[in-house]
Amino acid sequence: MRRSFVGICLVLMIAGCGMGGQNAVKGPGPELDEPTVDRMPYVSGDPKEIADVRAQAERELDQEFAQSIGTLRKDAELFLVQIEALEARKPRAIAELERIAADVSLSPRCRMRAAALLAKLGRHDEGTKLILEALQSRDAKPRHAAVTVLGDTLLSAFNLSGLHEPRLAQAVVALVDDPHPEIAADAAALAARNQLAEAEPKLLALLRSGKVKDTTRLAQNLAALASTPESVQAVCKFLFRDRPKEYDQWVGFSLNHLLAAGEPRLSEPVKKAFREYLLAYTGDARLDQAYAIDLARVANDATKPVLEDILTRSKDVVSRFAAVSALVALDREGGLQRLIDFAHAEGPEAVAAELAKYATERDAERILPLYLEPSGKKALGPIDEVAAALLYDKLGAPGRDALARLKDRLTPRAATWLKWKREGLNLAAALDDLHAAAILPEGSAETIIRLRNAQDEARARGLGEPGSKLDLTDPEGISSALALAGRLVAFDAETGELPCRHDRLLMLDLGAGTNHAFPIECAVQSQEKPSDSEADADEGPYRVRFIVGGRLFRFGAENRGDWYDLEAAIRAANFALETAGRKERFIPLETEGQVARFAFADPNAFLPIALKYGLALSDDPDRAIKEGKGFERQVIERMKNASGR
């Protein structure tokens with residue numbers, strides 16, 4: 001549901017985001033040993049309690065720091081929270097990491113992890129030097145350790161692509177034909193993942209040499225870099241030579257680069273060989289989801305019987321959708337009705353993008369009932385931005401008239417997309433308005449450059465869609481710009497851990513997530529005994545205390561398992577900002593899923609811009625939790641139905 005500007009303002013005031021509203025208690029608050037929790041925030045200037053919170057926070061951070069160093073010295077896997085503890089104790093961490101990196105009694109992998117962490121903590125040149133020395137070592141163990149660490153996305157602060165780390169990239173390429181097979185294989189995988197084009201001729205020579213046992217893995221890595229017919233020929237020869245009984249989805253995944261290649265001399269031989277490889281599978285192996293998707297990617301007339309079989313026999317809707325999409329592409333004239341029939345049976349949500357490839361205004365009479373009339377077992381669902389684009393762009397006046405009638409079923413993103421489309425709004429203008437309101441530090445020209453650089457960086461690390469470009473007509477660009485500037489925080493409302501750490505939510509997601517513009521100094525959490533004497537001790541509620549501007553704030557949080565009590569936490573954070581005399585508040589944005597999103601801005605400046613550009617705000621900080629739990633219930637119900645229980 002879209003909210004009115006006045007309604008949002010009232011909600012923000014009630015939730016503690018308001019413009020001067022008194023929504024919490026200034027004073028001592030309830031005693032800490034009370035058996036129940038008060039979720040309203042309290043502020044205290046008690047020096048003793050403030051000192052106690054600081055001391056507890058220091059003890060906990062020291063403990064986490066010591067555990068992180070101990071874990072590193074034991075050569076065990078580090079978790080994100082342990083790396084965050086090192087970052088919080090940066091000067092001490094750097095000194096310890098330097099000692100570990102120099103300690104020859106420790107394993108090479110342990111020392112290389114320390115070197116990577118040094119780079120992550122700002123000692124980039126020092127970390128680079130240590131890893132480069134290991135890559136070029138005569139000893140195989142340091143070489144292998146360095147390659148392994150460079151491939152660890154959690155630890156590594158290095159981007160080997162382009163000109164970012166040319167010395168490390170060259171050293172990795174030099175190892176793809178290392179005499180030690182494990183080093184060579186890991187170096188080849190690292191070169192492929194980072195698109196190090198210099199490795200292509202070496203990988204090709206290795207495949208042809210007959211010296212490599214695992215030719216399938218090597219061919220997969222070459223496929224990611226192949227740019228010549230010679231490389232393509234080698235990929236086809238070695239990648240499809242062996243055919244395991246169970247279809248391996250990584251075969252198709254490794255061919256993404258070549259299947260999408262614009263040059264037919266590269267893509268066509270691969271499509272032909274891949275198609276023949278897939279058609280050699282028979283029986284139920286053809287019903288596998290990965291198989292169906294990959295066969296659809298290389299479909300031609302010879303694959304039609306197999307695609308029809310998948311469409312008829314598969315119980316997996318994704319497999320059937322892949323098959324019907326390929327069949328429609330092979331018969332565009334008569335195939336559109338087949339796609340419409342599929343949508344009537346399965347629901348139109350998954351097929352909107354596919355329908356948009358073929359639909360014209362002439363097809364409105366056949367397509368619009370998908371969104372206007374329930375059919376079969378499928379109830380009418382929400383209209384997302386893909387479906388909105390189908391109706392608006394492809395179905396002409398009938399589609400636009402239908403959208404006017406469907407406005408109450410539009411998802412928040414679809415409503416924003418439609419507003420931009422109708423009013424000719426664009427990202428550049430929105431960024432300039434945000435800059436003029438002092439929410440973004442730079443105007444549209446500078447911000448767009450930063451967004452494009454971030455997109456390039458993500459692609460270089462294997463994230464995002466290959467070849468994707470910044471779309472200045474996409475409203476989501478606003479969220480990306482706000483996030484880059486530390487003006488938007490987004491996190492999973494489900495933590496996956498017990499106890500659910502609201503203190504880390506405040507420190508990391510809200511504090512570090514705003515580039516520390518939310519001036520939280522420290523936070524601690526304790527767990528109370530449950531009011532039910534028969535309940536387990538770990539079911540008790542939480543008490544959270546934190547310091548902002550030299551004042552102590554505390555609030556109670558409900559125990560919701562591994563889900564945050566977001567309403568209580570955000571209300572407390574906003575109360576602390578108000579008490580500190582700051583104009584910014586955490587403003588809940590509408591979400592579609594369990595990722596919670598909050599803009600961090602002065603509501604007086606942000607809300608008029610949100611209204612102008614149709615940004616979907618929420619009146620419920622817990623909306624992401626409710627949607628996430630709702631999805632969990634749906635999955636559980638489907639599993640029960642599938643098992644017949």
Side-chain angles (χ1 to χ4, degrees), residues 159-164 166 169 172-173 176 188-209 212 215-241 248-280 290-304 307 322 325-326 328-330 332 353-354 356-358 452 455-471:
N159 178 7
L160 306 183
S161 303
L163 300 176
H164 293 282
V172 168
V173 171
V176 298
L190 189 59
R193 192 184 317 151
N194 285 273
Q195 290 292 291
L196 304 183
E198 300 87 347
E200 181 184 354
K202 282 198 166 192
L203 297 181
L204 177 58
L206 276 173
L207 267 180
R208 288 172 168 174
S209 71
V212 179
T215 54
T216 298
R217 184 182 178 189
L218 188 60
Q220 288 176 339
N221 291 324
L222 178 59
L225 299 174
S227 63
T228 66
E230 292 76 20
S231 290
V232 169
Q233 184 181 22
V235 167
C236 293
K237 176 181 178 181
F238 290 98
L239 185 56
F240 304 128
R241 185 169 60 181
D248 182 0
Q249 63 179 337
W250 294 108
V251 173
F253 181 80
S254 68
L255 293 172
N256 285 344
H257 162 69
L258 285 171
L259 292 177
E263 296 184 61
R265 66 186 187 126
L266 302 181
S267 60
E268 290 306 318
V270 173
K271 288 179 181 179
K272 180 176 183 296
F274 191 27
R275 186 163 47 241
E276 292 172 354
Y277 174 83
L278 289 168
L279 288 174
Y291 175 94
I293 291 171
D294 283 337
L295 184 66
R297 297 165 73 193
V298 294
N300 68 358
D301 287 344
T303 66
K304 282 184 177 180
L307 293 169
S325 298
V328 172
L330 294 171
R332 291 182 177 238
E354 203 67 21
K357 294 180 181 178
Y358 313 106
R452 284 175 172 154
Q455 198 174 49
D456 291 343
E457 181 83 6
R459 278 199 299 270
R461 291 181 177 273
L463 306 173
E465 293 293 327
S468 60
K469 295 181 179 180
L470 182 64
D471 183 358

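Since the structure is predicted, the reported quantities are computational estimates derived from the model, not experimental observations.
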- request: Quick one: closest heavy-atom pair of E263 and R265, and the distance?
  value: OE1-NE, 2.6 Å
message: Can you give me the closest heavy-atom contact between A189 and R217, atom names plus distance?
response: CB-NH2, 3.9 Å
message: I'd like to know if E268 pairs up with K272 as an ion pair, taking the criterion as any Lys NZ or Arg NE/NH1/NH2 lying under 4.0 Å from an Asp or Glu carboxylate oxygen.
response: no
query: Step by step, would you call R297 with D294 a side-chain contact (heavy atoms from CB on, under 4.5 Å)?
result: CA-CA 5 Å; R297 297 165 73 193; D294 283 337; 2.9 Å; yes
statement: Heavy-atom nearest pair, A234 first then L222, reads CB-CD2, 4.2 Å
- line: Nearest heavy-atom approach of A299 to L307 is CB-CD1, 3.9 Å
query: Checking side-chain contact (heavy atoms from CB on, under 4.5 Å) for the pair V176/L196: CA distance, chi angles, key distance, verdict?
result: CA-CA 11 Å; V176 298; L196 304 183; over 6 Å; no
message: What I'd like to find out is whether the side chain of N194 reaches to under 4.5 Å of the side chain of L190, using heavy atoms alone.
response: yes
message: Are K304 and L330 packed together at the side-chain level, in the sense that at least one heavy-atom pair is separated by less than 4.5 angstrom?
response: yes
task: Could you give me the CA-CA distance, side-chain angles and deciding distance for E354 and V328, then say whether side-chain contact (heavy atoms from CB on, under 4.5 Å) is met?
output: CA-CA 9 Å; E354 203 67 21; V328 172; 5.8 Å; no
- line: dist S254:OG -> Q249:CD (nearest 0.5 Å) comes out at 11.0 Å
message: Nearest 0.5 Å, please: how far is CD in E230 from CG in L204?
response: 7.5 Å
query: Quick one: are L279 and E276 in side-chain contact, heavy atoms under 4.5 Å?
result: no
Shortest non-hydrogen contact between S227 and E200, atoms and distance: OG-OE1, 2.7 Å
query: Using the ring of each side chain (for Trp, its six-membered ring), is F240 parallel, tilted or perpendicular to Y277, with breaks at 30° and 60°?
result: tilted
- prompt: Do the side chain of N221 and the main chain of L218 share a donor and acceptor less than 3.5 angstrom apart?
  reply: no
- line: Separation between NZ (K237) and CZ (R208), nearest 0.5 Å, reads 8.5 Å
- request: Could you tell me the separation between the CG atom of L239 and the CG atom of L255, rounded to the nearest 0.5 Å?
  value: 5.5 Å
query: Is any side-chain heavy atom of F274 closer than 4.5 Å to a side-chain heavy atom of L259?
result: yes
statement: When every non-hydrogen atom of A273 is compared with those of C236, the smallest separation belongs to CB-SG, 3.8 Å
- prompt: Nearest 0.5 Å, what's the CZ-CG distance between F238 and L206?
  reply: 10.5 Å
query: Just how far is it from atom CG of L266 to atom NZ of K271, taken to the nearest 0.5 Å?
result: 11.5 Å
